[in-house]
Every structure is written in C-alpha cells, then in structure tokens.
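By convention here, the first residue in the shown sequence is residue 1. Both counts, for ligands and for their atoms, begin at 1 and track the order of listing. Worth saying up front: this structure is predicted, and the values here are computed from it rather than measured.
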Amino acid sequence: MKKHNFYAGPSILPQYTIQNTAQAVIDFAGTGLSIMEISHRSKEFTAVIEETQALFKELLNIPDGYSVIFLGGGASLQFAMIPFNLMRKKAAYLNTGEWATKAIKEARFFGEVEVVASSEDRNFSYIPKDFRIPTDADYFHITSNNTIYGTEIRHDMDSPVTLVADMSSDIFSRPVDVSKYGVIYGGAQKNLAPAGVTFVIIRNDILGKTERQIPTMLNYQTHISKGSMFNTPPCLTVFSALQTLKWMKDQGGVQEMAKRNAEKAAILYTEIDRNRLFRGTVAKEDRSVMNICFVMNDEYKDLEKEFLEMASSRGMIGIKGHRSVGGFRASTYNALPRESVEALVEVMKDFEQMKA
Ligand SMILES: *Cc1c(COP(=O)(O)O)cnc(C)c1O
C-alpha cells in the first residue's frame, strides 16, 4: 500500500534525493568510492559543497555580502551560537512556541533578553501582532514557522535591528526577501535533507562586533573563512541537500514550491473547516502552510484513536499531533505530493460519513 508520509521531521524527501543518495552511497560521481568513504578535501566532494552553496544563493536569491555555511549540531546549537556571536548586551525575542522558548533560554546565558511578546497565554495558537522591537537590542529573533503548534509568519517583517529567523521548517517553502534578515538558519531535516546538517545564511557585516572570546568551532567567522571546511562537514547529508536543491530548481524553484504548498494547505484547511468532526487549533490568519494541526470537536473527542487507526489503515503515517497540542498534525512539506493530502481528506470525509 502507498504510504503517505506526514511526519514533522525528519520527514518526506523527494524520491530524486533518495535515489541519488542511494546511488552515491554505492558509487559517488564515478569515483568507484562511496560518498561515505571519500575525503572531504577531494575535488569531487569540494565540488558538492560549493554547488550546494551556489544553489542556496540562486534559489533564495541571496544578495552579495551574505555567506552560506553548513554546520553540525542542529538548529538547537544555533540557539546558543547566535547570542554567542551577535549579542553585546541585549537581544529581543518573539515567543511563539517551544522552539522559540528554547532559543530564549540559551540567549539568557549571554546577556539581557527582552521577550517582546508571547502567545503562551493561549497555548501558542496565534502569532502576537502588536509588539515593539527595542531599538537598543543587538538583534530580534523570530521563529518563522512553529512546527509543533502550526502557526507561521509567512512574510518578511521590517525590523529596526538585525532580524534573525529560525526557518527550520519552512525554508524553501516560499520566496524570501533575504535582505531583510541578518541571519536565517535551520536544521535540514524538514524540507531539505536527512538529519545531520544545519544551514546558516548570514550577513557578513554583523559579525566581529562583540568583545566576547568565542571558541573556534562556535565562531561563525571560522566556518565562513574556510567555506564550511574548517573541520569535516557532514558529507553525506550535504550531498543529499544538494539533490533536493537540484530537484527544487528543476520543479520551478521556490515560487513553484509556494504555489503547490498553498494549494495543499487550502485543500486540507478547507476540509478541517467543513467537516463536522474536526476543527483547527490556531488563529486562521496565522495558519501554517507546512504543519497543519487539527483536533476532534469536543463531542467527538473519544473518536480520536479510532480515526488514527482508520487513517493508518489507509497508509497515513505521522499524523498524530505533538503531545503539547494533541489531536492531529499533518506536515505538508515541499516533497509531499498533493495526492497525499487528497488521500487524507478522503479518510476525513469517510470517517464523518460513518460517525456524524
Ligand atoms: C525541528 C526544529 C528545531 C530543532 O532542530 P534540531 O536540528 O533538532 O536541533 C528548531 N526549530 C524549529 C522551528 C524546528 O522545527
């Protein structure tokens, strides 16, 4: 039976990425060696990392003056590296969920943190709108897509100070005006590659301004000056990321991804709003296009398990909601085909027929 992969991360990747990675594990670029056993300094691998950087720049239309680097440690290590490298005295954060909360916790190790607004009062079910970004902050940090709660800031906001965004779960889902950001970062395991590599897009002129001593490996300048090759990068994962970038380019780039993602999200949200059994969990204007959360209406609450069983009998994988929200979450990343969303909607309709 066909599997419909709605996992939140690691998550669905294009078949193109999986096939080419499998091939390179056996024989990489005609070298007769596996991508797993070739030196990261070989000309074949150097070409991979350079092309990955170049495609990042091309697909996201990254202006001059920015670097793209690939690191280990996940997005979670960036929660500490950002204040380590950028905070002189004070930073501002928008608290829109668990990942933002974790980022705030790390920043507090380095200085004063002003949380400009939080949606914790209603279980992070909306994006705060009326907040003031303090002009004496060294930077302002946002989480563009809240993977757990299913809210998203789907525009590039103006900020009087350097804007820093965790885009782990919506990078490459739409065109981004990179010039509005000082840093965009994320783990690759949502829209790009298997787990193991973290991307950081950074405007060069914001670095080197703190007096703090920064350990070599935690200093962005180390990795920028060595083209992500100061130490051994996660070679296999970078190779996979490159395949996904090539696939995206071939499909029509981020414009096309945005169009498809909007269509998929509309199909599912329309059904959530129509179906008598279900309802959405977040403010409509803040709904994520990548992680679609919904629950059963109160009078049908005890049918949750039965719905999950029926969905799984029809090939749906990974739609159980995160424990902080409950109910269901369908992640509709770039590689998820529209047919998978349509198949989920079918199950929701059939279940309603049976029960309501
Ligand atoms: C998954 C995720 C993270 C954590 O990424 P790791 O690479 O596991 O550290 C951080 N932020 C957001 C928005 C995420 O979706």
Inset, instruction - Identify, by atom number and element, the atoms of ligand 1 in contact range of G74, meaning under 4.0 Å from any of its heavy atoms. - result: 7 (O), 9 (O)
Legend entry - Donor-acceptor under 3.5 Å (S340 side chain, H4 main chain): no
Legend entry - Test item: V183 and I201 side chains (from C-beta on) under 4.5 Å apart, heavy atoms: no
Inset, instruction - Could you tell me which atoms of ligand 1, counted from 1 in the order shown, lie closer than 4.0 angstrom to a heavy atom of S169? - result: 15 (O)
Legend entry - Interfacing atoms of ligand 1 (cut-off 4.0 Å, heavy-atom, N145): 13 (C)
Legend entry - Residue pair F84 / F109, side-chain heavy-atom distance below 4.5 Å: no
Inset, instruction - Verify, without hydrogens or angle tests, whether S119 (side chain) and F124 (backbone) share a donor-acceptor contact under 3.5 angstrom. - result: no
Inset, instruction - Starting from atom 8 (O) of ligand 1, find the nearest protein heavy-atom neighbour and note its residue, name and distance. - result: Q189 NE2, 3.3 Å
Inset, instruction - Give the residue and atom name of whichever protein heavy atom lies nearest to atom 11 (N) of ligand 1, and the separation in Å to one decimal. - result: D166 OD2, 2.6 Å
Inset, instruction - Identify the protein heavy atom lying closest to atom 15 (O) of ligand 1, giving its residue, its atom name and the separation to 0.1 Å. - result: T147 OG1, 2.4 Å
Legend entry - Between CG on residue N145 and CD on residue E152, distance to nearest 0.5 Å: 4.0 Å
Legend entry - Single-linkage hydrophobic cluster M217~Y185, side-chain heavy atoms < 4.5 angstrom: no
Inset, instruction - Rounded to the nearest 0.5 Å, what's the gap from OG1 on T232 to CZ on F45? Could you check? - result: 10.0 Å
Inset, instruction - Quick one: look at T198 and ligand 1, take heavy-atom pairs under 4.0 Å, and tell me if it's side chain, backbone, both or neither. - result: neither
Inset, instruction - Write out the residue and atom name of the closest protein heavy atom to atom 9 (O) of ligand 1, then the distance separating them to 0.1 Å. - result: S76 OG, 2.6 Å
Inset, instruction - Pick one of side chain, backbone, both or neither for how A75 approaches ligand 1, counting any non-hydrogen atom pair under 4.0 Å. - result: both
Legend entry - Shortest protein contact, atom 14 (C) of ligand 1 (heavy atom only): K190 NZ, 3.0 Å
